[in-house]
> 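Okay, handing you the structure first.
Everything numeric in this text was worked out from a predicted model, so none of it was measured.
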Amino acid sequence: MGKQSWAISILLISSLIGLTGCTEKTTTKPPEDKVTEPQKQSVTKLPEEPLKEEQKPVTVNIIDPNTKAILKTFIPLEMGFDDNKGTYQKEIENWAKDMARGTQTTPGYDQRMILDRIDANGQIIKGKPQVILEESELVEKIMAASVNGGDVELPLYVTESGYKPEDVAHLNEVVVASYTTRFDSRVIGRSKNIELSAQAINNVIVGAGDFFSFNTTVGPSDAAHGYQKAKEIVNKQLVDGIGGGICQTSSTLFNSVDQIGVSYVEKHHHSLSVGYVPAGRDATVSYGGPDFRFQNTKGVPILIKTIYGKGTLTVEVRTSIAYESLIAKGN
């Protein structure tokens, strides 16, 4: 009995110890307070607008068609294109006029034709073609380009002489017009001036549609070109001047070509009557001033031939036999 009681006591004590151990193992700590971070608000990012490029002003570049160089740049906005097109156009017109005809310091694009001639061996001495800058067309193109900008090439028109190379050998065949004037061969200076100017227009080919200019063909009648002092008419007075007498050459030419009926571009009378042609039949000239100009409207080429003699000057108009019938005198 004593042993059983002891054993039971040991079992009871062991059970209590086990329960105590279990109690410690199952005991949990109270939950700690958690700090909740505030949630970040979602921000919707708007799409970025592209940066606008700085708008450049409209420009109009004027181009030389031969060299492709930019001659001038217009900025229409700065010149009042949007506010007053009429004023803007007037400024463009003035500029185009200067470009075509030139200024006192700058030559223009317009060039009179320098006609070809035949030398003593029957070979052609080339002149220069006519060049025209069409002012109205240039202005029209600039005005159109002034809206959105762009490049404008100068509208240049080049015209070659109106004859065929095969014509040259035959243009001397037949005389269709002729006129002779007389002068005092004892007056050395004047005689020399007539001779030099006659040589300058001799054997000049005036093709169909070509424009003849006495001043352009003869050139300066000054001492540097061999011209001498002689009497000339200036403001209704006879005065000494270099080149006096060349007007007899131009007047003789006029009376010759007038017989075949050319179209006159420029012709002037002297302020005094002259003795070598009838009244009203003269054509005064002065390099850089009055000119004698005509256009060959006959439809076929002609050749100017001068014959200088002692006290006489004859100017003939010649052409080929094939063209003779096509040149009706006076028409």
Side-chain angles (χ1 to χ4, degrees), residues 57-81 84-115 126-146 149-161 196-197 200-201 210-227 232 234-235 239 241-244 246-247 250 265-268 284-295:
V58 168
T59 58
V60 179
N61 296 317
I62 311 301
I63 310 296
D64 184 310
N66 298 318
T67 65
K68 303 304 178 183
I70 297 177
L71 303 172
K72 178 80 173 179
T73 297
F74 291 107
I75 303 178
L77 182 63
E78 293 181 359
M79 298 173 64
F81 175 73
N84 193 328
K85 285 185 174 62
T87 301
Y88 175 78
Q89 180 170 332
K90 188 65 178 177
E91 188 170 348
I92 297 300
E93 288 173 351
N94 291 334
W95 179 83
K97 179 180 177 181
D98 289 342
M99 287 296 291
R101 308 178 197 184
T103 64
Q104 292 182 346
T105 57
T106 306
Y109 274 85
D110 287 357
Q111 294 179 12
R112 289 182 181 178
M113 180 179 291
I114 298 178
L115 297 171
K126 292 296 293 181
K128 292 182 179 180
Q130 173 184 270
V131 180
I132 296 295
L133 169 57
E134 284 293 348
E135 299 173 34
S136 59
E137 183 180 345
L138 175 58
V139 171
E140 184 178 335
K141 288 184 174 181
I142 293 176
M143 292 298 293
S146 296
D151 294 342
V152 173
E153 284 195 349
L154 293 179
L156 297 178
Y157 293 88
V158 180
T159 305
E160 299 287 347
S161 185
L196 290 175
S197 56
I201 66 172
D210 287 359
F211 290 87
F212 175 92
S213 163
F214 188 89
N215 287 345
T216 301
T217 305
V218 174
S221 54
D222 53 22
H225 291 82
Y227 288 86
E232 58 185 7
V234 178
N235 295 326
V239 298
I242 303 296
I246 65 169
C247 293
S250 59
V265 179
E266 182 179 354
K267 186 171 78 70
H268 306 273
T284 184
V285 291
S286 176
Y287 189 77
D291 196 2
F292 172 51
R293 300 171 61 204
F294 66 86
Q295 183 182 21

> Considering the options N94, V139, I142, which one meets the side chain to side chain contact (heavy atoms under 4.5 Å, CB included) requirement together with Q89?
V139

> Could you please spell out the steps behind the side-chain contact (heavy atoms from CB on, under 4.5 Å) verdict for I201 and V218?
CA-CA 7 Å; I201 66 172; V218 174; 3.8 Å; yes

> Is there a donor-acceptor contact under 3.5 Å linking the side chains of T103 and D98?
no

> I'd like to check L77 versus V58 (side-chain heavy atoms, cut-off strictly below 4.5 Å). Are they in contact?
no

> For I70, is there any backbone N or O sitting under 3.5 Å from a side-chain donor or acceptor partner on N61?
no

> So, is the end of the K85 side chain (NZ or CZ) under 6.0 Å from the ring centre of F81 and within 45° of the ring's axis?
yes

> Which heavy atom in I75 sits nearest to a heavy atom in P57, and how many Å separate them?
CG2-CB, 4.1 Å

> Which heavy atom of L196 sits nearest a heavy atom of G226, and at what distance?
CD1-O, 3.3 Å

> Is there a donor-acceptor contact under 3.5 Å linking the side chains of Y287 and D222?
no

> Could you walk me through whether F211 and T216 pass the side-chain contact (heavy atoms from CB on, under 4.5 Å) test, one step at a time?
CA-CA 10 Å; F211 290 87; T216 301; over 6 Å; no

> Where is the tightest heavy-atom contact between E266 and G289, given as atom of each residue plus distance?
OE2-O, 4.3 Å

> Which of these passes side chain to side chain contact (heavy atoms under 4.5 Å, CB included) with E135: E140, M99, R101?
R101

> Are side-chain heavy atoms of M143 and Y88 found at a separation under 4.5 Å?
yes

> Taking all heavy atoms of S197 and all of F214, pick out the closest pair and write down the distance.
CB-CZ, 4.3 Å

> Please find the pair of heavy atoms, one from W95 and one from I62, that lie closest to each other, and give the distance.
CH2-CG2, 3.7 Å

> Supply the atom-to-atom distance K128 NZ to R112 CZ, rounded to the nearest 0.5 angstrom.
14.5 Å

> I need the D64 CG to K72 NZ distance, nearest 0.5 Å.
15.5 Å

> So does E93 pair up with K97, basic N to acidic O under 4.0 Å?
no

> Given the rule in the side-chain contact (heavy atoms from CB on, under 4.5 Å) test, do I132 and T159 qualify, once you have shown the distances and angles that lead to the verdict?
CA-CA 8 Å; I132 296 295; T159 305; over 6 Å; no

> Under the side-chain contact (heavy atoms from CB on, under 4.5 Å) rule, what do L71 and L154 come out as? Steps first, then yes or no, please.
CA-CA 10 Å; L71 303 172; L154 293 179; 3.4 Å; yes

> With sequence neighbours excluded, tell me which residues meet salt bridge (Lys or Arg N to Asp or Glu O under 4.0 Å) with K126.
D116

> Quick one: does D110's side chain have a donor or acceptor within less than 3.5 Å of a partner on L133's backbone?
yes

> With a 4.5 Å heavy-atom cut-off, do F74 and E91 have their side chains touching?
no

> What's the shortest heavy-atom distance between V60 and P76, and which atoms?
CG2-CG, 4.1 Å

